[in-house]
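I have placed the structure first, in the form of structure tokens, so that the comments after it can refer back to it.
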Amino acid sequence: MFEYSAEQLAKWKEKHGENNVFEVTLEDKKCVLHKPTRQNISYAMAASSGGKDGVKMQEALLNGCWIDGDPEFKTDDAFFFAVSAQIEGMMEIKQAELKKL
């Protein structure tokens with residue numbers, strides 16, 4: 001199983017932001033990802049023909065957000081789909097107010 005030190009975690013948080021680093025665990029495997037950026041999402045959309053290929057989009061997002069971890073998340077379908085489902089939960093979408101003038 002993949003392990004990381006407190007020092008590694010501190011470096012990742014410094015690089016990606018204090019609240020932007022996440023650990024995903026499944027069975028005895030884990031990986032560390034950062035919150036998707038606009039650039040990650042843009043690349044994933046382009047790589048998936050504008051979002052037409054959902055699996056390619058998820059692969060591009062996973063690769064773009066990947067920090068470190070057990071390779072099974074990238075190579076084993078069950079792990080891949082499990083981590084892909086978690087990526088959307090990492091995105092914070094604030095609610096804006098629309099006011100007609």
Side-chain angles (χ1 to χ4, degrees):
M1 179 197 275
F2 164 72
E3 295 292 334
Y4 55 89
S5 67
E7 293 81 22
Q8 285 175 304
L9 180 58
K11 286 179 184 177
W12 296 333
K13 286 184 172 190
E14 183 178 326
K15 180 178 180 179
H16 299 288
E18 184 66 30
N19 297 313
N20 297 332
V21 178
F22 298 85
E23 178 184 287
V24 179
T25 305
L26 177 60
E27 297 173 0
D28 65 339
K29 308 291 182 200
K30 67 175 114 173
C31 67
V32 178
L33 308 172
H34 67 79
K35 181 165 72 170
T37 64
R38 257 190 288 188
Q39 292 81 11
N40 296 135
I41 295 167
S42 176
Y43 176 78
M45 289 292 286
S48 64
S49 302
K52 293 178 185 173
D53 187 332
V55 174
K56 283 190 184 205
M57 184 169 178
Q58 290 300 326
E59 285 176 342
L61 270 176
L62 177 58
N63 288 328
C65 298
W66 187 264
I67 295 175
D68 206 346
D70 288 308
E72 286 82 358
F73 285 100
K74 292 183 174 185
T75 60
D76 182 288
D77 287 349
F79 284 85
F80 169 76
F81 287 117
V83 73
S84 294
Q86 298 302 316
I87 291 175
E88 186 175 326
M90 294 188 302
M91 291 188 269
E92 176 186 356
I93 301 173
K94 295 184 178 192
Q95 187 65 39
E97 182 179 329
L98 177 65
K99 181 178 176 181
K100 184 176 180 181
L101 302 175

Going through the checks in order, is the side chain to side chain contact (heavy atoms under 4.5 Å, CB included) test met by L33 and Q86?
CA-CA 10 Å; L33 308 172; Q86 298 302 316; over 6 Å; no
Steps toward side chain to side chain contact (heavy atoms under 4.5 Å, CB included) verdict (D76, K29):
CA-CA 11 Å; D76 182 288; K29 308 291 182 200; over 6 Å; no
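Applying side-chain contact (heavy atoms from CB on, under 4.5 Å) to M57 and the options S84, S48, S49 leaves one that passes, S48.
Taking NZ of K30 as the start and CE of M1 as the end, the distance is 5.5 Å to the nearest 0.5 Å. The CD atom of E92 sits 8.5 Å away from the CG atom of N20 when rounded to the nearest 0.5 Å. For the atom pair CD (E23) and CH2 (W12), the distance works out to 9.0 Å, reported to the nearest 0.5 Å. Atom CG of residue D70 and atom CD of residue E3 lie 8.5 Å apart, to the nearest 0.5 angstrom. Between T25 atom OG1 and E27 atom CD the span is 11.5 Å, to the nearest 0.5 Å. The CG atom of N19 lies 13.5 Å from the CE atom of M90; values are rounded to the nearest 0.5 Å.
Closest heavy-atom contact between A60 and A47: CB-CB, 4.1 Å. Taking every heavy atom of both residues into account, N40 and K35 meet most closely at OD1-O, 4.2 Å.
Hydrophobic clustering (ILVMFWY, side-chain heavy atoms < 4.5 Å, transitive): L9 and F22 are in distinct clusters. Grouping the Ile, Leu, Val, Met, Phe, Trp and Tyr side chains by contacts below 4.5 angstrom, directly or via other members, places L26 apart from V32. F2 and V83 are assigned to two separate hydrophobic clusters, defined by single-linkage of ILVMFWY side chains at heavy-atom distances under 4.5 Å. Both I87 and V24 sit in one connected hydrophobic cluster of ILVMFWY residues. Membership requires side-chain heavy atoms under 4.5 Å apart, directly or through other members. Using a 4.5 Å cut-off between side-chain heavy atoms of Ile, Leu, Val, Met, Phe, Trp and Tyr, with links allowed through other members, F79 and L61 fall into the same hydrophobic cluster.
With sequence neighbours excluded, the residues forming a side-chain hydrogen bond (donor to acceptor under 3.5 Å, both in side chains) with Q39 are T37, listed by chain and number. Contacts of Y43 classified as ring pair (Phe, Tyr, Trp, His ring centres under 6.0 Å), with partners at least two apart in sequence or in another chain: none. With sequence neighbours excluded, no residue satisfies ring pair (Phe, Tyr, Trp, His ring centres under 6.0 Å) with F81.
Note on ring orientation: taking the six-membered ring where Trp is involved, the planes of W66 and F73 are tilted (angle from 30° to 60°).
Put simply, the side chain of H34 gets close to the backbone of G64: a donor and an acceptor are under 3.5 Å apart.
Note on E59 versus K74: no salt bridge recorded, every NZ/NE/NH1/NH2 to OD/OE distance being 4.0 Å or above.
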